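First the structure, in the form of C-alpha cells, and then the observations on it.
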Amino acid sequence: MDILDTHAYDRRQRRYMLQLSASLYFYLWTPDSPGSIMSAAVKTAPALLLAAAVLSWNGGQSVLGVVGGLVCSAVGDWCLVWPEHFLHGMGAFAAAHLLYSFTFLSSNYSAYSASSSVGFRFLYFILFMIGGGFYIYIFPFLQTAPDSELLVPAVGIYVVLIAVMGALAIRSRHTATLLGSLSFMVSDLSLALQIFKATPPMEYGNALVMVTYYSAQLLIAVGDIKAVENKDDFSKWKRS
C-alpha cells in the first residue's frame with residue numbers, strides 16, 4: 001500500500017468515525033428524560049463524540065475552534081438538564097458561539113471568504129434584523145421571568161453572538177457551515193420561545209429544538225473538516 005492509498009484509508013477511517021458519532025448522536029437522544037446524572041451524561045456524550053471525531057480528523061487545527069465549541073456545547077447540554085442552571089448553560093453556549101465565530105474567521109476558511117458585495121451585506125442586514133426583531137418580541141416575556149435583571153441583558157448579548165456567528169458563516173461560503181449555523185439559530189430561538197413562554201405550547205416543540213440542534217452541531221463539524229481538507233489540498237497544489 002503506497003502513501004496515497006494509506007492517506008485515503010486514514011480519511012475513510014476518520015469519516016467512518018464521524019458517521020458513527022452522528023449515529024450515536026441520535027441514538028443517545030433522550031429529550032424527555034428527567035434531570036439526573038444519567039440523562040445529563042447521555043445528552044453530553046454526543047457533542048463530546050463529535051469533538052473527538054473532529055480532533056481525530058483535523059488534529060490540532062481545530063482545538064481552539066470547533067472542538068472547543070463542541071466541548072462548551074457539551075457543558076451547556078449538561079447544565080440545561082437542570083432548569084436552575086439555565087444561565088450557566090446559556091453562558092456555555094455563548095462561549096461555543098464565540099469559538100465558532102473565531103473559527104469562521106480563521107485561515108481555514110479565508111480562501112472562501114465572501115466579497116463585500118451588496119448581496120452579502122443585504123444578507124447580513126436581514127440576519128441582524130431577525131435577531132433584533134426576535135429580541136424586541138421576547139423582551140416583555142424576559143421582564144416577567146425569574147432572574148429578569150440578569151436575563152434581559154444576557155439574552156440580548158446572546159442574540160448578538162449568534163447573529164454574528166450566522167453572519168460569519170455566510171461569509172465562509174461553506175454550505176455545511178452556513179446550514180449548521182442557521183440551524184443553530186432556529187434551535188436557540190425555538191428554545192427561547194418555549195422557555196420564556198412567548199408562544200403557546202408546541203406539540204413537537206422539544207423535537208424541533210433537539211433535531212435542529214443536533215443537525216447544527218453535525219453540520220458545523222462536517223464544515224470544519226471540509227474546510228481543513230480543502231486548505232490542505234490547496235497548500236499541496238501550491239507546492240507542486
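None of these values were measured; they are calculated from a predicted model. Note that these values count all heavy atoms, side chains included, but never hydrogens, waters or copies made by symmetry.
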Handout entry: Distance (rounded to the nearest 0.5 Å) between H174 NE2 and K226 NZ
Key = 10.0 Å
Problem - Worked check of side-chain contact (heavy atoms from CB on, under 4.5 Å) between V160 and Y135 - result: CA-CA 10 Å; V160 171; Y135 184 69; over 6 Å; no
Problem - CA sep, side-chain torsions, deciding dist, call: F134, F139, side-chain contact (heavy atoms from CB on, under 4.5 Å) - result: CA-CA 8 Å; F134 175 82; F139 184 78; over 6 Å; no
Practice task
Without swapping roles, check the side chain of S56 against the backbone of A52 for a donor-acceptor pair under 3.5 Å.
Solution key: no
Exercise for the section: Would you confirm whether S215, through its side chain, and V211, through its main-chain N or O, come within 3.5 Å as a donor-acceptor pair? Expected result: yes
Practice task
Considering non-hydrogen atoms only, spot the tightest contact between F128 and A167 and give its length.
Solution key: CE1-CB, 4.0 Å
Problem - L191 and S187: CA distance, side-chain angles, deciding distance, side-chain contact (heavy atoms from CB on, under 4.5 Å) verdict - result: CA-CA 6 Å; L191 177 62; S187 177; 5.6 Å; no
Practice task
Of all the heavy-atom pairs spanning G180 and A216, show the shortest one and how long it is.
Solution key: O-CB, 3.1 Å
Problem - Atom CD of E203 with >12 non-hydrogen neighbours under 6.0 angstrom - result: no
Exercise for the section: Check the pair M90, V155 against side-chain contact (heavy atoms from CB on, under 4.5 Å), reporting the backbone distance first and the verdict last. Expected result: CA-CA 9 Å; M90 189 168 69; V155 172; 4.2 Å; yes
Practice task
Determine yes or no for a side-chain-to-main-chain donor-acceptor pair under 3.5 angstrom, with S172 supplying the side chain and A169 the backbone.
Solution key: yes
Handout entry: Residues which pass side-chain hydrogen bond (donor to acceptor under 3.5 Å, both in side chains) with Y158, listed by chain and number, not counting sequence neighbours
Key = H97, D188
Problem - Y137 side chain to A198 backbone, donor-acceptor under 3.5 Å - result: yes
Exercise for the section: Please check if atom NE2 in H85 has more than 12 non-hydrogen atoms from other residues, nucleotides or ligands closer than 6.0 Å. Expected result: yes
Exercise for the section: Give the cluster check for I162 versus Y214: same hydrophobic cluster or not, with ILVMFWY residues linked at side-chain heavy-atom distances below 4.5 Å. Expected result: yes
Handout entry: M202 atom CE: more than 12 heavy-atom contacts under 6.0 Å
Key = yes
Practice task
Kindly work out whether a path of hydrophobic side-chain contacts (I/L/V/M/F/W/Y, heavy atoms less than 4.5 Å apart) joins V66 to L219.
Solution key: no
Handout entry: Backbone N/O of V152 and side chain of Q143: donor-acceptor pair under 3.5 Å
Key = no
Completion exercise
To the nearest 0.5 Å, atom OG1 of T177 lies from atom CG of L182 at 10.5 Å
Exercise for the section: Establish, from distance only, whether the side-chain atoms of Q217 and S73 form a donor-acceptor pair under 3.5 Å. Expected result: yes
Exercise for the section: Identify whether L208 and I138 are in the same connected component of the hydrophobic contact network (ILVMFWY, side-chain heavy atoms under 4.5 Å). Expected result: no
Exercise for the section: Mind listing the closest non-hydrogen atom pair of F196 and F141 along with its distance? Expected result: O-CB, 3.5 Å
Problem - Shortest non-hydrogen separation from L151 to P146 and the atoms involved - result: CD1-O, 3.1 Å
Fill in the blank from the handout: CD1 (I170) and CG (L127) are apart, to the nearest 0.5 Å, by 5.0 Å
Handout entry: Any donor-acceptor pair under 3.5 Å from Y124 side chain to G166 backbone
Key = no
Practice task
Would you kindly confirm whether L161 and L87 end up in one hydrophobic cluster when ILVMFWY residues are joined by side chain heavy atoms under 4.5 Å apart?
Solution key: no
Handout entry: Path from I157 to I130 over hydrophobic side-chain contacts below 4.5 Å
Key = no
Completion exercise
When rounded to the nearest 0.5 Å, the distance separating CG of L55 from CG of L70 is 10.5 Å
Practice task
Give me the ring orientation class for F104 and Y100: parallel if the planes are under 30° apart, tilted from 30 to 60°, perpendicular past 60°.
Solution key: parallel
Practice task
For A176 and V222, work out which heavy atoms get closest and say how close.
Solution key: CB-CG1, 4.5 Å
Practice task
First locate atom CG of L98, then atom OG1 of T103, and finally report the distance between them rounded to the nearest 0.5 Å.
Solution key: 10.5 Å
Handout entry: Pairwise distance CG(L80) to OG1(T44) - rounded to 0.5 angstrom
Key = 9.5 Å
Practice task
Check whether any side-chain heavy atom of V75 lies under 4.5 Å from a side-chain heavy atom of F93, and answer yes or no.
Solution key: no
Exercise for the section: Determine whether K197 and T144 make a side-chain contact, defined as any pair of heavy atoms from C-beta on separated by less than 4.5 Å. Expected result: no
Problem - Minimum heavy-atom distance T212-V186, with the two atoms named - result: CG2-CG1, 4.0 Å
